[in-house]
Every structure is written in C-alpha cells, then in structure tokens.
Amino acid sequence: MNNRKRIHRHFSDIAEIYRNIRKTDNRPIFVIKRELQRLPVIHGADIGCGAGRYDRELFLNLGDRLFLFAIDENEKMLTYLRRYLSMFNITQFKAIRAIGSSIPLYANSVNCVFTFNAVHHFNLPMFLKESVRILKKDGYLFVYTRLHSQNKRNIWGRYFPGFYEKEKRLYRLKEMESAISQVSCLQLQSIEYFKFRRLSSLHFLKEQARKRHYSTFCYYEKEEFKNALQDFEKNIRENFPDPQKVIWIDENIMFLIRKINLVES
C-alpha cells in the first residue's frame with residue numbers, strides 16, 4: 001500500500017472518533033475573527049476540513065455572516081462533518097469532496113481560505129495557486145499548522161521513538177515563506193506563534209497513539225509501533241513524576257496571507 005492510500009484509509013478509519021482524540025484550539029480562531037471583523041458577509045472555504053471541529057468554531061465566532069465551503073478528500077470525514085454541524089443547526093455550509101490542489105470553486109468567489117493542521121497533506125505550490133484563484137481581491141488565506149521544528153519539541157517528538165524522524169511532511173519556516181513568496185498576488189501579512197500548555201494522563205496519551213490520532217503513526221509497522229508504545233510509556237514514567245498529570249507545551253503557527261493586486265508597469 002502506498003503512502004497516499006495508507007493515509008486515506010487512516011482518515012476513513014478514524015473519521016467517527018477524530019474529534020474526540022484531537023485537540024481543537026480556539027486561539028487561532030480568535031485571530032481570524034479579529035482580521036475579519038469588518039466584513040459584513042464572509043464566503044469562506046476550509047480546505048482539509050476533516051470532521052468539522054474547526055468549522056464549528058468558525059461559525060461560533062463569525063456567526064451568520066459566514067457561508068462555508070467545507071472541502072476534504074475523504075468522504076467519510078465529510079459525512080461526519082455534516083452530522084456534526086447539523087447537531088448545532090448549522091446549515092450555511094456546503095460539503096465538497098476535493099483535494100487541495102484542485103478546488104472546485106469559481107475564481108474570485110471567496111473572501112477567505114482556511115486550513116487547519118492539514119497543509120502538510122497538500123501539494124503546497126498548487127494549493128497556494130488555487131487559493132489565489134478562488135480568493136477575491138484583498139482576500140485572506142489563513143494557514144494554521146505546526147512546523148517541523150515544533151513537532152520535535154512536543155510530547156510525541158520528544159518521547160515517542162521514531163515519531164519526529166518519521167514525520168517528514170511538515171514544513172520548515174523558510175520553506176513556507178519561500179513557497180508563499182513565489183506565488184504572484186500573495187503577500188505574507190504576518191505570522192502568529194502559539195504555545196499551548198497541555199495536561200493529560202499517560203493512559204489517554206496511549207489511547208490517542210493506539211487510535212492513530214496523528215497520521216504519523218501510520219508509518220509504523222505493527223511490531224514497531226508496539227515496541228515504540230512500550231518505550232513511550234517508559235519515557236513518560238521516567239520523565240514525569242505523576243503519570244496521571246503529564247504536562248507539556250504544544251507549539252503551532254499561523255500564516256496570515258493576503259491576495260493583492262499587482263500593479264502593472
């Protein structure tokens with residue numbers, strides 16, 4: 001099985017439980033709310049939306065001003081997104097199955113494009129070009145992710161054997177900045193850095209790993225994962241005084257990007 005099929009199968013397998021095993025952070029949503037506060041009507045697209053955990057937060061903070069195109073490659077994820085948003089009587093959205101390098105929306109049709117913890121799954125140059133195409137003049141592109149270096153410093157990168165080494169898809173800061181600079185009409189407005197204090201139990205951390213809450217775990221063979229999980233438990237017990245209260249810092253980053261008009265000479 002090639003990596004693309006492996007990852008697709010992974011997301012199909014965990015679609016039903018995905019929102020329960022991943023943390024949803026509000027602070028990037030607050031930044032988005034601040035940036036979009038002057039827009040009376042917002043047409044947005046969330047690329048790689050998954051089961052909708054960040055989409056609900058967008059609606060909670062942007063309200064009835066927002067109409068959202070929820071776009072993901074995985075149909076099972078979209079099924080659970082529809083159910084999830086419907087639970088909160090959210091109807092101002094359309095779920096679309098598509099990949100980040102080929103977004104089936106009209107040119108100049110949305111005010112903003114969002115992507116949360118998903119850009120490392122995309123062909124980055126194609127995704128940026130597609131975002132430019134569908135964005136209106138002065139439109140926003142919000143890319144929330146974690147960098148390669150940030151991944152090394154979290155609980156998994158530090159204590160789960162092989163995790164950092166296997167995760168080769170995450171971008172470095174200079175790679176993101178370079179990719180953005182190479183796309184006409186895109187301008188990097190600012191970069192927001194986030195640090196989150198996490199508290200969990202060893203039991204729940206092991207359950208997250210077993211349920212493959214990060215797709216990185218798909219790169220482990222069965223016996224390799226079993227051994228790594230045992231070593232992870234050993235590392236946690238050796239480095240934290242109370243396995244019921246494991247505390248660490250997660251880091252993330254958000255790129256705030258604008259579509260600009262190039263002045264013709």
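Any value given below was found using the heavy atoms of this structure, including those in side chains, with hydrogens, waters and symmetry copies removed. Just so you know, these numbers come straight off a predicted model, no measurement behind them.
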Close side-chain approach of [X] to [Y], heavy-atom, < 4.5 Å:
| X | Y | result |
| --- | --- | --- |
| Pro125 | Val183 | no |
| Phe11 | Lys76 | no |
| Arg258 | Asp138 | yes |
| Leu124 | Met176 | yes |

Of all residues at least two apart in sequence or in a different chain, which pass the salt bridge (Lys or Arg N to Asp or Glu O under 4.0 Å) check with [X]?
| X | answer |
| --- | --- |
| Glu175 | none |
| Lys94 | none |
| Arg172 | none |

_So if I apply the side-chain hydrogen bond (donor to acceptor under 3.5 Å, both in side chains) rule between Ser215 and each of Glu167, Arg6, Arg169, His8, which one comes out positive?_
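Between Ser215 and the candidates, side-chain hydrogen bond (donor to acceptor under 3.5 Å, both in side chains) is satisfied uniquely by Arg169.
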- [ ] Let me know which of Asn252, Asp250, Asn117, Asn151 forms a side-chain hydrogen bond (donor to acceptor under 3.5 Å, both in side chains) with Arg146.
- [x]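 Single side-chain hydrogen bond (donor to acceptor under 3.5 Å, both in side chains) partner of Arg146 among Asn252, Asp250, Asn117, Asn151: Asn151.
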Say you draw a straight line from [atom1] of [X] to [atom2] of [Y]; how long is it, rounded to the nearest 0.5 Å?
| X | Y | atom1 | atom2 | result |
| --- | --- | --- | --- | --- |
| Ile32 | Leu256 | CD1 | CG | 7.5 Å |
| Glu16 | Thr79 | CD | OG1 | 11.0 Å |
| Lys206 | Lys211 | NZ | NZ | 13.0 Å |
| Glu192 | Phe30 | CD | CZ | 13.5 Å |
| Ile42 | Cys112 | CD1 | SG | 6.0 Å |
| Gln189 | Leu141 | CD | CG | 11.5 Å |

Could you see if [X] belongs to whatever hydrophobic cluster contains [Y]? Use Ile, Leu, Val, Met, Phe, Trp, Tyr and a side-chain cutoff under 4.5 Å.
| X | Y | value |
| --- | --- | --- |
| Ile29 | Leu85 | yes |
| Phe194 | Ile249 | no |
| Val113 | Ile103 | yes |

Would you check if the side chain of [X] reaches a backbone N or O of [Y] as a donor-acceptor pair within less than 3.5 Å?
| X | Y | result |
| --- | --- | --- |
| Gln187 | Ile260 | no |
| Asn111 | Gly139 | no |
| Asp25 | Arg27 | no |
| Arg22 | His213 | yes |
| Ser178 | Lys174 | no |
| Tyr140 | Glu35 | yes |

- Message: Can you confirm whether Arg197 is buried at CZ, in the sense that more than 12 heavy atoms of other residues, nucleotides or ligands lie under 6.0 Å from that atom?
- Response: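 Not buried by this count: 12 neighbours or fewer within 6.0 Å.
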Looking at every heavy atom in both [X] and [Y], which two are closest together, and how far apart are they?
| X | Y | value |
| --- | --- | --- |
| Gly44 | Leu66 | N-CD1, 4.2 Å |
| Val119 | Tyr171 | O-CE1, 3.8 Å |
| Leu105 | Arg133 | O-NH1, 2.8 Å |

*asked:* Could you check whether Asn108 and Lys259, counting side-chain N and O atoms only, form a donor-acceptor pair closer than 3.5 Å?
replied: yes
Pairs in or reaching into residues 51-83: which pass ring-ring contact (aromatic ring centres under 6.0 Å, His included), with residues at least two apart or in two chains?
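Found Tyr54-Phe116, Phe67-Phe69.
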Residue pairs meeting salt bridge (Lys or Arg N to Asp or Glu O under 4.0 Å), one or both in residues 46-74, sequence neighbours left out, come to Arg4-Glu73
Hey, what else clusters with Phe163 if you join Ile, Leu, Val, Met, Phe, Trp, Tyr whenever side-chain heavy atoms sit under 4.5 Å?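 Traced through the cluster, Phe163 reaches Ile155, Trp156, Tyr159, Phe160, Leu202, Leu205, Tyr214, Phe217, Tyr220, Phe225, Leu229, Phe232, Ile236, Phe240, Val246, Trp248.
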